[in-house]
Each structure stands twice: as structure tokens, then as C-alpha cells.
Amino acid sequence: MEIASICSGSSGNCILVKSEDTNILVDVGISNKRVEEGLDFFETSPNEIDAILVTHEHSDHIKGIGVFLRAHPVSVYATKGTIDEILNASSTGEVDKELFEEIDSDEEFFVGDLKINSISTSHDASDSVCYRFDDGKKSCAIVTDLGYYHDELVDSLQDLDAILVEANHDLKMLEVGPYPYHLKSRIWSDVGHLSNEACGKLLSEIISDKMQYIILGHLSKDNNYPELAFETVRNELMFNNIDLNDMGIEIRVAKRDCPSCDIII
């Protein structure tokens with residue numbers, strides 16, 4: 001199985017997940033041109049995409065989906081609330097509604113040879129989810145846009161081989177930064193985003209001997225730095241007696257605006 005970040009950040013998200021027989025995009029929050037360029041970078045044709053999975057309807061996750069679907073019609077899986085919001089979004093435009101497949105949060109379904117679990121998340125969206133992928137041998141998950149993490153999510157993320165997980169902001173940078181107070185309050189609320197510290201705490205509850213790779217994603221442009229996210233998460237894990245070097249786990253940081261972090265498990 002392969003995970004490749006076409007981009008992951010507060011201004012646009014699109015992740016490629018590949019198995020032996022199946023290619024999936026998680027979110028299309030960038031232009032179709034950038035999606036096609038990213039797929040080409042990872043030696044994948046847009047016509048080889050079997051499905052799109054959408055986590056939620058915020059623009060940094062769906063703003064390119066309409067153009068992509070008109071150019072490359074594929075099935076789109078999302079919760080009912082998310083589908084309704086996508087179809088009503090001005091950025092989507094006219095699309096074939098028959099392409100949309102409604103799923104429930106906390107549901108198991110299949111796309112090709114991939115078993116997929118949708119996992120409900122706490123975020124200020126209609127019905128947001130994250131996704132776990134299993135091909136019978138390896139498993140990975142794409143987990144972003146969490147206000148906080150709950151026990152059910154922790155249970156659903158056990159025994160992973162790899163994860164792309166949100167490390168959105170540094171608490172001190174957010175506190176003293178230029179955002180208005182209402183936006184700061186939203187980000188650090190239970191329906192906002194995970195801080196670097198919270199990301200490390202979540203990882204400390206799901207890391208096992210199987211884990212090979214951790215990708216930190218969805219970094220804020222204004223309230224985080226890749227090096228800061230890396231060090232804070234690593235320090236939080238060390239505080240919980242998890243030494244990445246001893247366990248042979250590689251940690252990377254996804255770039256906000258270009259392809260990065262192509263990993264194979």
C-alpha cells in the first residue's frame with residue numbers, strides 16, 4: 001500500500017492512497033490542474049483513479065471536486081450531510097449526482113481491494129469523518145480536522161502500519177498570532193483542529209510495533225512550522241516513553257502546497 005500527499009495544509013488537501021489494484025483520492029481541495037500535476041508526479045494518471053473519498057465539505061477539501069469530476073467522472077463517497085453540502089457549494093458547479101455514493105459515519109465499505117472504515121470526527125462541518133484503509137496485509141489511515149479525539153476513534157486506529165495525522169497548529173503561535181479571537185477560539189475548540197501537542201498525545205495512544213511511518217499533515221500556514229510540528233510531536237511521544245528511533249518509526253511532515261511524503265508500506 002502507498003500513501004502520497006499531493007498537498008496537505010490549511011489552504012488545500014488532496015491525498016493519494018494506492019493498493020495493488022485500487023487508487024483513491026482523499027479530498028480534492030485544490031484545482032484540477034494541481035491534482036493532475038500531483039498525480040503525474042506520483043506516476044499515476046487521473047484516469048486510474050477509482051474513487052474519491054471526502055472527509056467534509058470545507059473548501060480546502062472540496063473546492064476542486066467539481067472540475068475533476070467533469071474531467072474524470074468517478075464515484076465519490078461521503079456522508080449524506082457532506083454530499084448535500086458539496087452539491088450546494090458554488091465551487092462544485094454542475095456535476096452528475098449519480099456519481100455520489102452515500103455512506104454513514106462509522107461504516108465499513110469496499111472500493112476495489114480496499115476495505116475502508118469511515119470514522120466520525122469532531123469538527124465544525126455537517127458530518128465529518130476520517131478514513132482507515134486495509135488491503136488484507138497492511139493498513140493506514142488519513143486523520144485530519146479533529147477538534148479532539150474520542151475513544152471510538154482511538155479504538156479504530158489501532159494496529160496501523162502508517163498514518164497521516166493532523167498537526168495543525170502550535171498553541172503559543174495561535175495564541176499570540178494575528179487571527180481574531182473568534183477564529184482562535186474556533187481552532188482550539190472541540191470542533192476545530194488538533195494542535196501539535198494533541199497530535200502527539202493521539203499518536204501515543206495508537207502507536208504499536210506495526211507502525212512504520214507517521215506523516216504530519218494539515219499544518220497551518222500562519223500558526224505552525226514543519227520543524228516545530230516535528231519536534232513538538234516527537235517530544236510529546238518521548239514524554240510518553242515512545243522513542244521513534246528505537247521503534248524504527250519514520251516521521252515526516254507533508255508539504256502544504258506541493259507533492260511530498262510518498263511512502264510504501
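Being a predicted model, the structure only gives us computed values, none of them experimental.
Within the 3.5 Å criterion, the main-chain N or O of M173 finds a donor-acceptor partner in the side chain of D170. Side chain of N235 to main chain of E231: a donor-acceptor pair is present (N/O by atom type, distance under 3.5 Å, no hydrogens or angles). R256 places no side-chain N or O within 3.5 Å of a backbone atom of N13 that could act as its donor or acceptor partner. Side chain of R132 to main chain of I119: no donor-acceptor pair is present (N/O by atom type, distance under 3.5 Å, no hydrogens or angles). Counting only distance, with no hydrogens or angles, the side chain of S5 and the backbone of A254 share no donor-acceptor pair below 3.5 Å. In this structure, N240 contributes its side chain and I242 its backbone to no donor-acceptor pair below 3.5 Å. The closest donor-acceptor contact from the side chain of N23 to the backbone of S19 lies at 3.5 Å or more, if one exists at all.
There is no side-chain donor-acceptor pair under 3.5 Å between S10 and S220. Side chain to side chain, S120 and D106 meet the donor-acceptor criterion of an N or O pair below 3.5 Å. If you check the side chains of T82 and T79, you find a donor sitting under 3.5 Å from an acceptor. In this model, no donor atom of one side chain and acceptor atom of the other lie less than 3.5 Å apart for S11 and D60. A donor atom on one side chain and an acceptor atom on the other are found under 3.5 Å apart for N196 and N224. Side chains of D27 and H61: a donor on one and an acceptor on the other come within 3.5 Å.
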What's the verdict on side-chain hydrogen bond (donor to acceptor under 3.5 Å, both in side chains) for T121 and S128, showing C-alpha distance, side-chain angles and the deciding distance?
CA-CA 6 Å; T121 56; S128 62; 2.7 Å; yes

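Residue pairs meeting the ring-ring contact (aromatic ring centres under 6.0 Å, His included) criterion with at least one member in residues 81-134, sequence neighbours excluded: H56-H123, H58-H123, Y77-F109, H123-H193. Applying the side-chain hydrogen bond (donor to acceptor under 3.5 Å, both in side chains) test to every pair with at least one member in residues 85-105, sequence neighbours left out, gives no pairs at all.
Distance check, rounded to the nearest 0.5 Å: CD1 of I30 to CD1 of I62 gives 14.0 Å. To the nearest 0.5 Å, atom NZ of residue K184 and atom CG of residue N223 are 8.0 Å apart. The CG atom of N168 sits 11.5 Å away from atom CG of L216, with the distance rounded to the nearest 0.5 Å.
Within 6.0 Å of OH on Y148 lie no more than 12 heavy atoms contributed by other residues, nucleotides or ligands. Annotation for F230: atom CZ counts as buried by contact number, over 12 foreign heavy atoms lying within 6.0 Å. Around the CE atom of M238, the shell of radius 6.0 Å holds no more than 12 heavy atoms that belong to other residues, nucleotides or ligands. Under a cut-off of 6.0 angstrom, the local environment of CG in D209 is sparse, with at most 12 non-hydrogen atoms contributed by other residues, nucleotides or ligands.
No salt bridge links K201 with E197; every basic N to acidic carboxylate O contact stays at or beyond 4.0 Å. Residues K210 and D161 are paired through a salt bridge, judged by an N-O separation under 4.0 Å between the basic side chain and the carboxylate. Using a 4.0 Å cut-off between charged nitrogen and carboxylate oxygen, K33 and E36 do not count as a salt-bridge pair. A salt bridge is absent between R234 and E236; no separation between the charged side-chain nitrogens and carboxylate oxygens falls under 4.0 Å. Here D124 pairs with R186 in a salt bridge; the nearest charged N to carboxylate O distance falls below 4.0 Å.
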Can I get a per-line list of side-chain donor-acceptor pairs under 3.5 Å for residues 258-265, giving both atom names and the distance, sequence neighbours left out?
from	atom 1	to	atom 2	distance (Å)
S260	OG	K255	N	2.9

